[in-house]
There are 2 protein chains.
Amino acid sequence: MRIGELATKTGVSVRALRYYEEQQLLVSERSESGQRHYGENAVDRVQLIQQLYAAGISSAAILEMLPCVVTGVASPQVLATLRGHRSSVIKQIEDLQDTLRQLDSVLAGAVKSHESGVPCPPA
Amino acid sequence: MRIGELATKTGVSVRALRYYEEQQLLVSERSESGQRHYGENAVDRVQLIQQLYAAGISSAAILEMLPCVVTGVASPQVLATLRGHRSSVIKQIEDLQDTLRQLDSVLAGAVKSHESGVPCPPA
DNA sequence: TAGAAACCTGACATTGACGTCAGAGGTAGC
DNA sequence: GCTACCTCTGACGTCAATGTCAGGTTTCTA
């Protein structure tokens with residue numbers, strides 16, 4: 001498939017896909033005229049990249065770990081990197097859970113106060 | 001306390017604290033000569049701001065919700081905003097948990113393959 | 001009462017993951 | 001073959017949360 005189709009299938013912009021290739025996170029075959037062509041597995045690859053981005057992992061780090069994630073094989077060095085990111089992801093989750101509790105306590109109080117007719121003070 | 005002390009207490013840079021004030025997220029009293037002075041509660045405030053930042057909430061959104069978070073009182077409109085962010089935080093947590101599973105499965109496979117002596121292929 | 005250290009404002013620089021635009025060539029349906 | 005749409009490269013723009021530097025004032029310490 002060409003880049004537009006991959007973009008719509010993954011929900012990622014064409015620009016972003018070119019950027020991924022620029023960062024060597026995504027590979028394409030080129031037609032004679034230079035147009036990018038992708039196999040079906042590119043969809044999974046792009047979604048994987050998105051997932052890692054969402055975990056706050058930089059493109060450089062993704063580049064480092066990607067072949068290992070794909071093949072399931074890693075050197076001890078990359079293994080350490082992966083474990084580092086694992087801890088970081090866990091910490092992010094914990095932080096977000098804290099934030100969630102914070103928001104919930106605010107919401108609980110706010111709903112009550114709203115019921116009692118007290119408005120929100122301006123900033 | 002002055003800005004430097006607040007910075008060391010919170011682990012946030014002086015520059016960042018000035019930025020928070022610029023964004024009206026943080027208030028200071030000024031001495032005659034113009035230096036910022038903070039009360040003890042500023043520490044909690046800064047940590048709260050950091051927590052909201054970590055949840056991916058923008059400074060504008062924080063500004064909107066901050067008085068309500070602090071006072072525990074919110075208008076219906078702000079309430080809706082808060083609920084929106086709550087959903088977003090939950091989704092972030094779920095996404096990160098997905099990523100964690102992904103990383104774990106990679107780690108499991110990688111450790112095994114490492115035991116079997118297969119190296120990580122280069123990018 | 002020096003001199004160092006902390007603070008001030010203002011402004012430009014940075015980083016990462018894209019958005020957007022220009023100008024040109026490729027592709028597909030009729 | 002026309003037309004509309006897709007794609008290409010290259011380059012500059014963006015946005016948010018800072019970093020950093022300059023040039024000057026204030027505060028602390030010896």
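Numbers restart at 1 for each chain; the letters A, B, ... are given by sequence-line order, proteins then strands.
- Taking atom CG on B/Leu17 and atom P on C/dC7, their separation rounds to 10 Å, with Å as the unit.
- At whole-Å resolution of the value, CD in A/Glu29 and C1' in D/dC8 are 18 Å apart.
- Using a 4.5 Å heavy-atom cutoff, the side chains of A/Leu6 and A/Arg36 are not in contact.
- As a whole-Å value, the separation of B/Gln23 CD from D/dT18 P is 10 Å.
- Atom CE in B/Met1 sits roughly 15 Å away from atom P in D/dC28 (whole-Å rounding).
- As a whole-Å value, the separation of B/Glu22 CD from D/dC15 P is 16 Å.
- Residue-to-nucleotide contacts include no donor-acceptor pair under 3.5 Å from the side chain of A/Arg36 to the base of D/dT7.
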Please test A/Arg101 against A/Asp98 for salt bridge (charged side-chain N to carboxylate O under 4.0 Å, His left out), starting from the C-alpha separation and ending with a verdict.
-> CA-CA 5 Å; A/Arg101 272 189 287 274; A/Asp98 273 355; 2.8 Å; yes
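- One interatomic measurement links the two molecules: CG of B/Leu52 to P of D/dA16, which rounds to 17 Å at whole-angstrom precision.
- Distance, B/Arg15 CZ to C/dA11 P: 12 Å, rounded to whole Å.
- You'll find that the side chain of B/Gln35 is closest to D/dT27, out of C/dC18, D/dT27, C/dG25.
- Evaluation of atom-type donor-acceptor distances gives no pair under 3.5 Å for the side chain of B/Arg2 against the base of D/dT27.
- Of the side-chain N and O atoms in A/Tyr19, one or more sit less than 4.0 angstrom from OP1 or OP2 of C/dA17.
- Counting heavy atoms from C-beta on, the side chains of A/Thr10 and A/Gln50 never come closer than 4.5 Å.
- Judged by distance alone, the side chains of B/Glu21 and B/Ser28 do bring a donor and an acceptor atom under 3.5 Å apart.
- Contact annotation: A/Ser13 side-chain N/O to C/dG19 OP1/OP2 distance is under 4.0 Å.
- Considering only heavy atoms from C-beta on, B/Lys91 comes within 4.5 Å of B/Asp95 through its side chain.
- Contact annotation: A/Ser33 does not reach the phosphate of D/dT7 (side-chain N/O to OP1 or OP2, under 4.0 Å).
- Position along DNA chain D of the nearest nucleotide to B/Ala16 versus A/Glu5 favours A/Glu5 as the more 5'-ward residue.
- Closest contact between the side chain of B/Ser31 and the listed nucleotides D/dT18, C/dC8, D/dT27 involves D/dT27.
- In terms of phosphate contacts, B/Tyr20 brings a side-chain nitrogen or oxygen within less than 4.0 Å of OP1 or OP2 of D/dT18.
- Nucleotide D/dT27 holds its P atom 15 Å from the CD1 atom of B/Ile3, rounded to whole Å.
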